[in-house]
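The structure appears right after this line, and notes come after that.
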Amino acid sequence: MSALLRVENLVKHFPIRRHLFGRQTAVVHAVDGLNFELDAGDTMALVGESGCGKSTVGRLVLRLLDATAGKVWFDGEDLMTLAPERMRARRRELQMIFQDPYSSLNPRMTVEQTLAEPLALHGLARGRERERAAELLNLVGLAPQYLQRYPHEFSGGQRQRIGIARALAVEPRLIVCDEPVSALDVSIQAQVVNLLQDLQRRLGLAYVFIAHDLAVVKHIATHVAVMYLGQIVEYADKRSLFAAPRHPYTQALLSAIPIAEPGLKREQILLQGDVPNPIDPPSGCRFRTRCPYARERCAQEVPELRAIEGHSVACHYWQEIMAPQGVVERVVVNERLVRLQSAFRGG
Amino acid sequence: MSAATPQAMMPNVNPASPARRALRRLLRRRGAMLGLVIVVFFVLLALFAPVIAPYDPIATSWSAVRKAPSMQYLFGTDEIGRDVLSRVVWGARASLLAGLVSVGISMALGVPIGLLAAYVGGWTDSLISRFTDSMLAVPFLILAIALAAFLGPSLSNAMIAIGVSATPIFIRLTRAQVLAVKVEDFVEAARAVGNPHWRIALRHILPNVLSPLIVQATLAIAAAIIAEASLSFLGLGQQPPAPSWGSMLNTAKNYVDNAPWMAVWPGLAIFLLVLSFNLLGDGLRDALDPKHM
């Protein structure tokens with residue numbers, strides 16, 4: 001069976017001009033040769049630091065940005081080569097949920113207008129747009145009385161639900177969730193994540209879930225791709241990735257997750273320095289400048305993403321690198337909760 | 001802000017629509033209200049000029065040349081015996097018309113061009129922006145005078161000249177606002193649900209850039225009224241004998257020593273009307289401030 005979404009060698013370079021009349025002098029390597037697949041009903045989490053290109057991937061998958069190279073196969077069609085009109089029709093099947101619920105809703109449109117617009121654009125629910133909009137609100141757990149309200153009358157969590165309802169309006173098959181909970185309060189985060197999971201079960205949705213909070217990822221994802229400087233460094237199903245991270249970058253990321261047990265000590269892998277400039281990425285392995293295990297070969301040869309028993313890793317020496325003890329522990333909901341707990345304990 | 005009571009009274013209308021809330025804030029501002037009252041007063045004056053004016057504004061009377069204000073001629077008479085009050089009342093028509101029509105021209109040209117420049121970007125934007133910059137390098141009034149002189153003296157040509165001269169301000173303002181709104185997530189969301197570009201520009205971006213444009217339009221009306229008066233003063237606007245405050249001032253300047261009333265009343269009218277539009281514009285700016293939206 002072929003996957004719902006298959007991304008092949010996806011590349012996105014953003015040209016930058018330094019002078020008023022100057023020619024393009026450099027490019028930002030936002031996404032550099034990405035490959036992955038996603039089946040219906042699955043959730044692939046894209047994780048990585050800010051600036052690693054994960055949001056760009058989300059926008060490329062929906063063709064809100066045009067790729068520099070590569071293909072995005074959706075249900076057997078390469079979205080990147082579709083004519084604009086055909087692409088617009090195809091948007092019915094691909095939707096997006098945004099990070100900032102304060103900027104993702106048009107402040108001049110009522111909830112009803114926001115929800116009815118996609119229906120009208122795709123000729124759905126003709127003549128009963130209002131009922132459908134009410135149904136959608138219901139689906140995301142909001143009362144239909146809110147239809148005539150404007151976005152500023154809602155809280156962040158409620159707005160995010162409206163944003164989810166808008167994405168669901170056209171009955172899509174794939175939704176790109178761009179950090180859908182990171183702008184929300186901790187107490188609301190869980191509600192929204194549960195809502196997304198519940199909707200996935202009921203409607204058979206596939207999610208590309210962009211996140212930096214690994215606790216949320218562990219909760220919702222079926223597969224995880226770890227990105228570093230525009231490339232995937234490790235890709236596996238969730239269980240295998242969290243149980244036995246192979247890439248040193250993944251290990252460092254996982255070791256940064258706080259643990260629920262206050263008394264428990266474990267080693268944290270602290271990375272040195274900052275993410276290198278994506279205008280001029282390091283030669284060979286892009287992670288080598290911060291990798292504690294880097295050797296000479298890492299600067300010369302680009303490590304390929306190789307799959308061993310369904311678990312892919314892009315590292316020359318992953319077999320020699322043991323996962324440090326205690327890296328994989330129970331994941332707590334949030335760092336703030338841990339601080340709160342320790343405050344009580346220290347009392 | 002408590003929205004509970006009006007909501008209970010008007011169950012079918014949402015009192016929280018952005019426009020409604022702005023109107024409520026505007027009504028609470030004393031300066032803006034004063035401005036609005038004076039503007040409405042002049043609008044009524046212009047509309048009902050034939051009823052209000054005690055005399056024919058162009059009828060001359062050789063027995064009443066340069067008469068000082070009296071019970072018979074409340075504002076006095078001018079150098080050929082026309083009633084100054086009647087001419088000021090009729091002059092409100094020229095001024096208001098010039099203000100509204102020329103700003104209408106500016107917006108009709110400037111808003112679409114600015115929207116296009118910012119939305120399309122790239123090469124189109126550079127071309128439009130450089131053109132706008134070069135127009136803005138010439139002082140507004142000088143440009144208006146040059147255009148009016150080129151088109152030939154008449155009130156409608158003056159309005160066109162003023163409208164075209166004020167267009168770059170609207171291009172630039174619209175462009176800046178659109179650039180700011182364009183990067184908001186809801187614009188990307190509009191694309192993601194499958195809106196065509198024209199709909200994104202008109203339905204999602206334009207309504208969100210209107211507030212500053214309304215403020216600018218109100219202030220531009222004030223500037224246009226002054227510009228019309230200036231052009232008429234120079235003989236490039238309203239043509240005699242039709243009344244206009246600017247041309248009244250022009251003739252009055254020769255008699256300032258012995259018939260100051262000829263200059264005082266039209267001058268006062270210009271001052272009041274321009275002031276009131278500025279007050280209204282300032283009030284609107286506060287009421288439409290996005291921080292309250």
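So you know, we letter chains A, B, ... as the sequences are listed, proteins then strands, and number each from 1.
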Heavy-atom contact with chain B under 4.5 Å, split by part of A:L94 = backbone
Under 4.5 Å from any heavy atom of chain B - which part of A:Q113 = side chain
Donor-acceptor pair, B:S106 side chain versus B:G163 backbone, under 3.5 Å?
-> yes
When the 4.5 angstrom heavy-atom criterion is applied to B:R199 and chain A, the contacting part is side chain
Heavy-atom proximity to chain B below 4.5 Å, by part of A:L105 | backbone
Measuring heavy-atom distances to chain B, does A:M109 have an atom under 4.5 Å in its side chain, in its backbone, in both, or in neither?
-> side chain
Go through the atoms of A:R59 and report whether side chain, backbone, both or neither lie under 4.5 Å from a heavy atom of chain B.
-> side chain
Between B:R175 and B:S129, does any side-chain donor sit less than 3.5 Å from a side-chain acceptor?
-> yes
Among A:A167, A:P107, A:P118, who wins on heavy-atom pairs under 4.5 Å with chain B?
-> A:P107
Ignoring hydrogens and angles, tell me if any N or O in the side chain of B:R93 forms a donor-acceptor pair with the backbone of B:A46 under 3.5 Å.
-> yes
Atom pair CG (B:L279) and CG (B:L284), whose distance is rounded to the nearest 0.5 Å = 11.0 Å
Kindly determine whether A:E117 and B:H204 satisfy side chain to side chain donor-acceptor pair (under 3.5 Å), including the steps that lead there.
-> CA-CA 11 Å; A:E117 180 176 60; B:H204 291 270; 2.8 Å; yes
Between A:F154 and A:Y146, is the gap from one ring center to the other below 6.0 Å?
-> yes
